2 protein chains.
Amino acid sequence: MTEHRLLRRSTLEDVAREAGVSLATADRVVHRRDGVREKTIRRVEAAIAKLGYRPNAAAASLSRNKTWRFAFMLPANSNAFIANLAEQVERTSDWLTGQNGFIDVMRVDVFDPVTLAKALWDLPAVYEGVAVVALDDARVRAAMDDLVARGVHVVTLVSDAPGSRRANYVGIDNPAAGRTAGSLMGRFLRGQKGFVGIITGSLSLRDHAERHFGFRQVLSAEYPDLVGLPPAEGRDDSARNHEIARALLAQHPDLVGIYNAGAGNEGIAAALREAGAGRDIVWIAHELTGDTRRLLLEGTIAAIINQDPGHEARSAARILLALCTGQLIYPDQERIRIEIFLRDNLN
Amino acid sequence: MTEHRLLRRSTLEDVAREAGVSLATADRVVHRRDGVREKTIRRVEAAIAKLGYRPNAAAASLSRNKTWRFAFMLPANSNAFIANLAEQVERTSDWLTGQNGFIDVMRVDVFDPVTLAKALWDLPAVYEGVAVVALDDARVRAAMDDLVARGVHVVTLVSDAPGSRRANYVGIDNPAAGRTAGSLMGRFLRGQKGFVGIITGSLSLRDHAERHFGFRQVLSAEYPDLVGLPPAEGRDDSARNHEIARALLAQHPDLVGIYNAGAGNEGIAAALREAGAGRDIVWIAHELTGDTRRLLLEGTIAAIINQDPGHEARSAARILLALCTGQLIYPDQERIRIEIFLRDNLN
DNA sequence: CTGTTAGCGCTTTCAC
DNA sequence: GTGAAAGCGCTAACAG
């Protein structure tokens, strides 16, 4: 019925006494440092097992009295999602302070591989960890690999560079996000025939390209009555997207859906407003922001696919810290979900 | 471009020196303990502000050298969701150990108010916190309030008792979850007319009743072509749900959807199998488990509304710990999301 | 290869 | 009202 636990945790001192060695030797074994006889190691390990010893993280952190410095490289050109992300990094920074960690935020033009690679090369040597909104480019990968070679822990954030030596990717599975959008589109347009407009920021951005791929895959495989139009590139810009959406509506009287894999949703909203209530379009967008939230509540957007920037920021910081201190990483806790928001489950 | 931060955090010792008082007095001010002259308080507070002092949580935890004991009261009759929850509490317990916290798990028949109230009354006085899968009943609320009066921190988990004095509810907004299911049902059945079967475990369970309420609300307000049938109570039991679903299918040739607000989905799957491929039913269920995951991948279940038991367990533990130590709670991080899973965004 | 020891920042007890 | 000092569990520098 009830399962009880020990009350006093055994300490390293207990382990040392049990094994008949000193504190320092016990510590060496715990940290797998060498310079300990095989036989002694076994004695200590037996004591650890017997006493169920678990290190006291607070004490370790206190005595180490080391601070960690992390650089977060975020895109300079800020849309609403990036602004949210930056704010969440700021909050995470507050939390990290309590763990002796410090975050410096840098804003870089991540869309230019040369600039981004240079920023990585030029990174002051004071950082033990870097979280970067990456770009999947050979020069960028090389710069990241160089940091790793210098002993800096690197994680990619939101956008990955799979061929690199980064320790972790903190972000969603973008092909799956596209498929999710495709399935919602297909379901919501059940029984209808027509064209679906597809807008991306740029197909040279890995995440946008992957979303487009996943979306189209589901549409063509499972909803043959819905035809995905060739993707338009709006550079995440509202004005461009306004033009694109206006043209889609004008050129395709039988347009039944729009999927925007990128940002710049206000322009699409404007085009739909101009088209009037006569056009009943199922619109699926990404990222919950002030604008998209309002459009979702109004019923203009049918569903939003979201990644939680708060979770991403905290996760990146936790992982960097764990990499530095050798703590365990809990993959479950760090997996970034593909969230679906309808009007009804907004927070 | 780059924003830098201080490297050495100022300590309480720095604050004391700056204010011209002793460590002990500075500590008294930080913790708002009395026995300090008003003027001294102001001096110390000025020093804190000037130095940007933030307490070092690790040092505090170490010096306090106190362990916390929490009781988690989980339902005795275990369905797959509760089994997941129990497993996640176990994992959380591992993590808590590192924070000097210990969890005792108790399995109680939470469906019987008298038993649950008695279990709360009889709780040994060793616990400084309790997380309980509650039941919204006067006796249970009274027992919880009594614990609170004795200085025990109480949070409700998964199922709330709003009238009580519990500090927090860790779980989803169930009316909103029901509305979410209703909107998905309406969207997925766009353009169709017919009946929708509704199954709950029991309408006397607050969460099930609330989900039913939200679901029906959306259906009747926005999808008048879909008529929700009176709710059947299957007690979260597969065999009963099998009967219920079989009867629904037999009695309503124009049944187009099924919403199960509770557990016991295998029975529904069996009834649908028997009915054969001729019946195309949109089925929406709750909680991602081995069974429902498989049914979702197969296409039998159209969507799953989920609450993350891992998040719930960790959140309950973090909140209890924060209540005990006076640390800040970050509401954003603790909000339990109403998650929507389609085949495409599974994990 | 192993042991001794100072000290991390804070809490708490006791003394004045 | 205020201060001095011991000590939490661990790490790291140094000694042997």
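In the text below, chain A, chain B and the rest are named by the order of the sequence lines, each starting its count at 1. These numbers were taken from a predicted model, which means no experiment stands behind them.
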* Euclidean distance, atom CZ of residue Arg17(B) to atom P of dG3(D) [Å, nearest integer] -> 14 Å
* **Separation of atom CG in Asn100(A) from atom P in dC10(D), rounded to whole Å** => 18 Å
* **Heavy-atom closest contact (Phe70(B) atom, Leu321(B) atom, distance)** => CZ-N, 3.8 Å
* Structure fact -> Here the distance between atom P of dA13(D) and atom CZ of Arg64(A), to the nearest Å, is 13 Å
* Do Arg69(A)'s NZ or CZ and the ring of Phe102(A) fall within the cation-pi criteria of under 6.0 Å and 45°? -> no
* Asked: Does Arg9(A) offer a backbone N or O that forms a donor-acceptor pair with the side chain of Tyr53(A) under 3.5 Å?
  -> no
* Asked: Just checking Ala60(A): base, sugar-phosphate only, or nothing, at a heavy-atom cut-off of under 4.0 Å?
  -> sugar-phosphate
* Asked: Within the structure, does a side-chain N or O atom of Ser22(B) lie under 4.0 Å from either OP1 or OP2 of dG3(D)?
  -> yes
* How far apart are the closest heavy atoms of Glu312(A) and Gln307(A), and which atoms are they? -> OE2-OE1, 2.6 Å
* **Short side-chain N/O contact from Thr40(B) to OP1 or OP2 of dG1(D), under 4.0 Å** => no
* Does the Asn65(B) side chain pair with the main chain of Leu62(B), one donor and one acceptor, at a distance under 3.5 Å? -> no
* Atom-to-atom span, CG of Asn65(A) to P of dC8(D) - whole angstrom -> 19 Å
* Any idea which heavy atoms bring Arg107(B) and Ile82(B) closest together, and the distance? -> NH2-CG2, 3.5 Å
* Asked: With a non-hydrogen cut-off below 4.0 angstrom, is Asp27(B) in contact with a base, only sugar-phosphate, or nothing?
  -> base
* **Exam field: side chain Ser93(A) to backbone Val89(A), donor-acceptor pair closer than 3.5 Å** => no
* Asked: When the nearest nucleotide of DNA chain D is assigned to Arg28(B) and to Leu62(B) on a heavy-atom basis, which residue is associated with the more 5' position?
  -> Arg28(B)
* **First-last contacting nucleotides on DNA chain C - partner chain B, under 4.0 angstrom, heavy atom** => dG9(C) to dT12(C)
* **Selection from dT2(D), dA13(D), dT11(D) that lies nearest to any side-chain heavy atom of Thr25(B)** => dT2(D)
* Remember a base hit wins even if backbone is also touched, and classify Val30(B) as base, sugar-phosphate or nothing at under 4.0 Å, heavy atoms. => nothing
